[in-house]
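Input: a single structure, listed below in structure tokens.
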Amino acid sequence: MSKSKDFLRTIVEEDLKSGKYKEVVTRFPPEPNGFPHIGHAKSICINFGIAKDYDGHCNLRMDDTNPTTEDTKYVEALKHAVEWLGFNWKDNVRFTSDYFPQIYNYAIELIKMGKAYVDSTNEEEMRSLRGTVTEPGRRSKYADRSVEENLDLFERMKKGEFKDGEHVLRAKIDMSAANMKMRDPLMYRIRHAHHYRAGDEWSVYPMYDFAHCLSDYIEGVSHSICTLEFENNRDVYNWVLDTLGLSLRPYQHEFARLGINYTVMSKRKLLELVNGGQVNGWDDPRMPTIAGYSRRGYTPESIRNFCDQIGIAKANSMVDVAQLEFCIRDDLNTKVPRVMCVLDPLKVTILNYEGTEELNASYYPEDVPKEGSRQIPFSKEIYIERDDFSENPPKGYFRLTPEQPVRLKHAYIITCKEIIKDSDGNIVEIKAEYSPDSKSGQDTSGIKVKSAIQWVDIKEARKVEVRVYDRLFKDEAPQGLEDVNPDSLHVIKNAFIEPAVITQKPDERFQFERQGYFYADPVDYTDVKPVFNKIVGLKDSYAKKKNTVEITPKPQAKKVQIDGEVVAMSDTEQTLFDKYTNELKLNSEVANTLARDEKLSSFYEESLATLNSPVNLANIVSNEVARELKEKQINELKFNARQIAALVKMIDDETISNKIAKQVFEEMVKSGEEPIKIVEAKGLIQISDPSKISPIIDEIIEKNPDNVTKFREGNTKLLGFFVGQVLKATGGKANPKVVNELLAQKLK
RNA sequence: UGGGGUAUCGCCAAGCGGUAAGGCAUCAGCUUUUGGUGCUGACAUUCGGGGGUUCGAAUCCCUCUACCCCAUCCA
């Protein structure tokens with residue numbers, strides 16, 4: 001649990017601490033128009049996870065405002081996905097469609113306020129009136145309709161008096177807004193369609209932008225978490241709630257959606273796979289759907305863990321599928337029984353063995369703290385994996401060869417005596433001999449083997465079907481069907497497994513020793529015809545080494561960045577720039593910053609009138625003041641130019657250090673207090689007396705012997721560490737220049 | 001092109017002016033009757049590029065670049 005907090009949890013914590021909300025309420029709000037995939041899992045883990053972490057609650061809400069795409073079967077799949085992942089929603093499942101009456105009333109309220117109007121422009125014209133990203137839009141002629149007319153029209157829209165598309169209800173915001181979403185967004189459209197839940201009651205349906213924020217509000221949601229593509233919609237979200245005067249309301253926060261390499265996540269592309277027959281339905285074990293992972297054998301824990309590991313941020317990213325595979329291996333490693341299964345059988349006859357015996361074997365290796373064992377039948381004729389014998393072994397081969405004995409796991413050591421081939425030269429059988437005194441657990445043979453391999457007794461083994469999956473796409477960032485891997489499914493009809501797996505059924509998931517993790521297919525498995533899905537292979541450093549092709553070292557060409565052209569200065573800016581560099585001796589960068597920004601230059605000039613310290617003044621104005629002026633006007637600032645001059649005066653006098661000056665500045669930004677008062681009140685006067693600083697340094701040096709050694713060994717960047725420690729100990733008041741000098745002497 | 005975002009190791013990702021966390025992947029070594037697991041170690045003199053401010057910058061300022069989102073009566 002030492003994991004650092006993500007930005008959402010940081011926000012939630014702050015909001016709880018500040019008392020903005022008493023309780024955190026989140027929601028998972030999918031539209032029930034498709035099957036949930038692992039991207040939904042991320043969202044589920046975030047929303048339910050945050051609610052759980054802060055003792056709040058999370059609702060499951062179907063965002064079902066579009067009657068033409070939604071269906072009950074998706075509602076069920078979504079509910080099941082949340083449950084499968086191990087989360088509980090508060091009370092019943094919510095439906096935006098249940099809020100239709102309330103949402104409708106809010107629309108009426110907006111009309112009455114003159115903030116919404118019925119527009120009867122056709123679709124095409126509306127698009128052209130909306131303008132483009134660079135050109136402002138124009139309002140339609142219907143925007144001036146009276147409140148009464150709007151009310152009347154809207155009611156008749158609801159009653160079903162108009163055809164689809166004849167009218168819409170729009171918010172009256174700003175047709176020239178830079179944010180396209182704010183150009184009088186649509187709030188209602190006419191849809192004469194049957195809603196899977198609301199039936200035929202409604203002829204008008206609210207749009208996402210209107211319904212979502214209100215649904216969040218109605219449910220008392222505090223943190224409305226969604227993906228990055230809704231960033232632009234946030235302004236509408238806020239506009240609706242603010243205009244309606246709804247207080248104690250939710251705020252929207254966005255995170256980056258999940259991408260995994262060799263995988264597609266879009267509903268449309270997933271649907272193409274299903275419809276195109278590339279996979280066998282939504283729950284095909286190769287699909288990145290919850291149903292697919294579940295059928296494949298992934299555990300809810302592993303998916304949750306994965307969502308935890310990848311973190312939450314705002315950068316678009318592509319997670320390596322290896323991270324997911326690690327999670328399922330990691331989970332199953334400590335849980336699942338080990339059994340023996342031969343996928344590609346090669347017959348071995350043990351010439352010197354007669355009769356049969358039962359070998360006792362634990363289901364779990366020593367490092368897994370679980371109990372349980374079974375009997376494994378053993379006799380003269382067994383199967384081993386074809387891969388585990390090599391007539392002409394490559395270097396570093398640990399398994400059975402004509403010269404090299406091998407242990408049969410849980411049984412005896414065997415040695416190859418004869419290789420039987422068919423007329424084509426294919427190996428069909430191995431004749432071997434066993435060492436009677438090499439029995440597992442009581443080996444006195446003294447024979448050293450390099451490896452222990454899995455095997456099954458031919459007579460007692462059960463035939464099983466094993467489905468081995470490879471990644472669905474051959475491209476790391478697949479675009480569509482053209483990138484599908486044609487060999488993503490291998491069905492092995494004649495694999496052989498030890499009988500206890502079928503008769504004892506110690507679990508549903510197994511590790512087939514040395515091969516990977518497998519899952520009894522929940523749909524097709526029967527005792528008569530057992531079917532197993534391969535969940536994931538074991539890590540295989542031998543196969544990896546073998547397959548290592550000399551990858552041509554990429555040319556590592558350091559990417560050259562081309563600098564764009566800087567906009568030329570205007571004449572006035574140029575004059576100012578010249579004055580700053582020539583008369584005031586500012587460096588060109590600072591002069592440039594100041595000269596190009598009218599707010600900054602005027603602020604600077606004003607401060608200069610009070611104090612003749614052009615360079616220091618310029619520095620603080622072009623750096624610190626610039627930050628405050630980015631989104632504000634000068635008259636919105638709590639401090640003024642005279643106060644900045646007073647602050648700089650103290651730096652010039654060496655009353656305070658630059659570091660303290662920044663601290664004082666922060667305070668001025670917040671309170672507008674006089675800098676001198678702040679310095680006095682907080683006792684921030686700089687300590688430059690070496691005799692006061694010296695003992696503190698001694699103490700720090702004494703407390704950090706390791707770092708002192710490292711420093712003396714040449715790790716000079718540690719000087720910063722020591723300076724930091726001393727400054728921390730003095731509340732930032734020590735004169736850093738003095739500290740540096742002293743430190744350099746003492747650490748020598 | 002206006003606006004809104006984002007850039008830290010091969011892939012994720014912390015970091016909020018004072019020693020560049022952690023996970024995955026990779027590579028070594030030890031352990032091992034799974035070429036698994038476990039353990040140990042290695043793996044960013046540097047944070048998209050360039051400048052500036054500072055004793056000190058991934059963090060503050062300026063500037064450039066690249067990528068993502070927005071002009072559905074979808075969500």
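Naming: A, B, ... by sequence-line order, numbering from 1 per chain.
- Comparing the same atom, C1', in C12(B) and in A7(B) gives a spacing of 14 Å after rounding to whole Å.
- One N or O donor and one acceptor, one from the side chain of Q511(A) and one from the base of U34(B), sit under 3.5 Å apart.
- R407(A) comes within 4.0 angstrom of a base, heavy atoms only.
- On a pure distance criterion of 3.5 Å, no polar donor-acceptor pair joins the side chain of K450(A) and the base of U33(B).
- Scanning atom types as modelled, no donor and acceptor separated by under 3.5 angstrom connect the side chain of N232(A) and the base of G5(B).
- For R514(A) and G35(B), the shortest distance from a side-chain N or O to OP1 or OP2 is below 4.0 Å.
- One interatomic measurement links the two molecules: CD1 of I660(A) to P of C55(B), which rounds to 13 Å at whole-angstrom precision.
- Residues E624(A) and E476(A) both approach RNA chain B. Their nearest nucleotides, taken by heavy-atom distance, put E476(A) toward the 5′ side.
- In this structure, Y364(A) places its OH atom 19 Å from C1' of U33(B), rounding to the nearest Å.
- One can find a donor-acceptor pair under 3.5 Å joining the base of G18(B) and the side-chain atoms of K659(A).
- Spacing between U6(B) and A58(B) at atom C1', rounded to whole Å, works out to 15 Å.
- At a cut-off of 3.5 angstrom, the base of G2(B) holds no donor-acceptor pair with the side chain of E135(A).
- Heavy atoms of Y397(A) sit under 4.0 angstrom from at least one base atom.
- Counting only distance, with no hydrogens or angles, the side chain of Q252(A) and the backbone of D235(A) share no donor-acceptor pair below 3.5 Å.
- G56(B) is unpaired under the criterion used here, namely a Watson-Crick or G-U wobble arrangement in which both key atom distances are under 3.5 Å.
- S362(A) approaches H410(A) most closely through the heavy-atom pair O-CE1, 4.2 Å.
- Atom C1' of G29(B) sits at a distance of 49 Å from the matching atom of C69(B), rounded to the whole Å.
- The environment of K703(A) atom NZ is sparse: at most 12 non-hydrogen atoms of other residues, nucleotides or ligands sit within 6.0 angstrom.
- Contact annotation: side chain of N707(A) to base of U19(B), donor-acceptor pair present below 3.5 Å.
- Backbone-only engagement by K737(A) is indicated by non-hydrogen atom pairs under 4.0 Å involving sugar-phosphate atoms exclusively.
- The shortest distance between the side-chain N/O atoms of S317(A) and the OP1/OP2 oxygens of A13(B) is below 4.0 Å.
- The side chain of T65(A) places an N or O atom within less than 4.0 Å of a non-bridging phosphate oxygen (OP1 or OP2) of A75(B).
- Aromatic ring centres of Y604(A) and Y580(A) lie closer together than 6.0 Å.
- Near-neighbour residues of RNA chain B inside residues 723-732 of chain A, defined by a heavy atom below 4.0 Å, number-ordered: V723(A), G724(A), L727(A).
- Across all strands shown, T334(A) has no heavy atoms under 4.0 Å from either base or sugar-phosphate atoms.
- Look at D388(A) and R514(A) and you find a salt bridge, because one of the NZ, NE, NH1 or NH2 atoms lies within 4.0 Å of a carboxylate O, short of that distance.
- Within a 6.0 Å radius of CD in E654(A), no more than 12 heavy atoms belonging to other residues, nucleotides or ligands are found.
- Between N658(A) and R338(A), the residue anchored nearer the 5' end of RNA chain B, judged by the nucleotide with its closest heavy atom, is R338(A).
- Within the 4.0 angstrom heavy-atom criterion, base atoms lie near G441(A).
- In a base pair of the Watson-Crick type (N1 to N3 plus N6-O4 or O6-N4) or a G-U wobble (N1-O2 and O6-N3), with each distance short of 3.5 Å, A66(B) is matched with U6(B).
- In this structure, K630(A) reaches the sugar-phosphate backbone alone: every heavy-atom distance under 4.0 Å involves primed, P, OP1 or OP2 atoms, never a base.
- With hydrogens and angles ignored, a donor-acceptor pair closer than 3.5 Å exists between the side chain of D367(A) and the base of G36(B).
- Checked against K409(A) for a salt bridge (Lys or Arg N to Asp or Glu O under 4.0 Å), the options E498(A), E385(A), E513(A) give a single hit: E513(A).
- Within the 4.0 angstrom heavy-atom criterion, only backbone atoms of the sugar-phosphate kind lie near K539(A); the bases stay farther away.
- A gap of 16 Å separates the P atoms of C24(B) and A13(B), to the nearest Å.
- The residue P29(A) sits apart from the nucleic acid: no heavy atom pair falls under 4.0 Å.
- Every side chain to side chain contact (heavy atoms under 4.5 Å, CB included) that K450(A) has, sequence neighbours left out, goes to F398(A), Q404(A).
- Taking atom P on both nucleotides, G51(B) is separated from G56(B) by 16 Å, rounded to a whole Å.
- Other residues, nucleotides and ligands contribute only 12 or fewer heavy atoms inside 6.0 Å of the CZ atom of R257(A).
- Heavy atoms of V319(A) sit under 4.0 angstrom from primed sugar atoms or phosphate atoms, though from no base atom.
- When the P atom is used for both U37(B) and C27(B), the distance is 13 Å, rounded to whole Å.
- Taking every heavy atom of both residues into account, D119(A) and S140(A) meet most closely at OD1-OG, 2.9 Å.
- Only the P atoms considered, G41(B) is 25 Å distant from U46(B), to the nearest whole Å.
- Between the side chain of R399(A) and the base of G35(B), a donor-acceptor pair under 3.5 Å is found.
- Nucleotides C43(B) and G4(B) place their C1' atoms 38 Å apart, quoted to the nearest Å.
- Using a 4.0 Å heavy-atom cutoff across all strands shown, G396(A) reaches at least one base atom of the nucleic acid.
- Across all strands, G720(A) comes closer than 4.0 Å to base atoms (heavy-atom distances).
- Below the 3.5 angstrom threshold, one finds no donor paired with an acceptor across the side chain of N316(A) and the base of C68(B).
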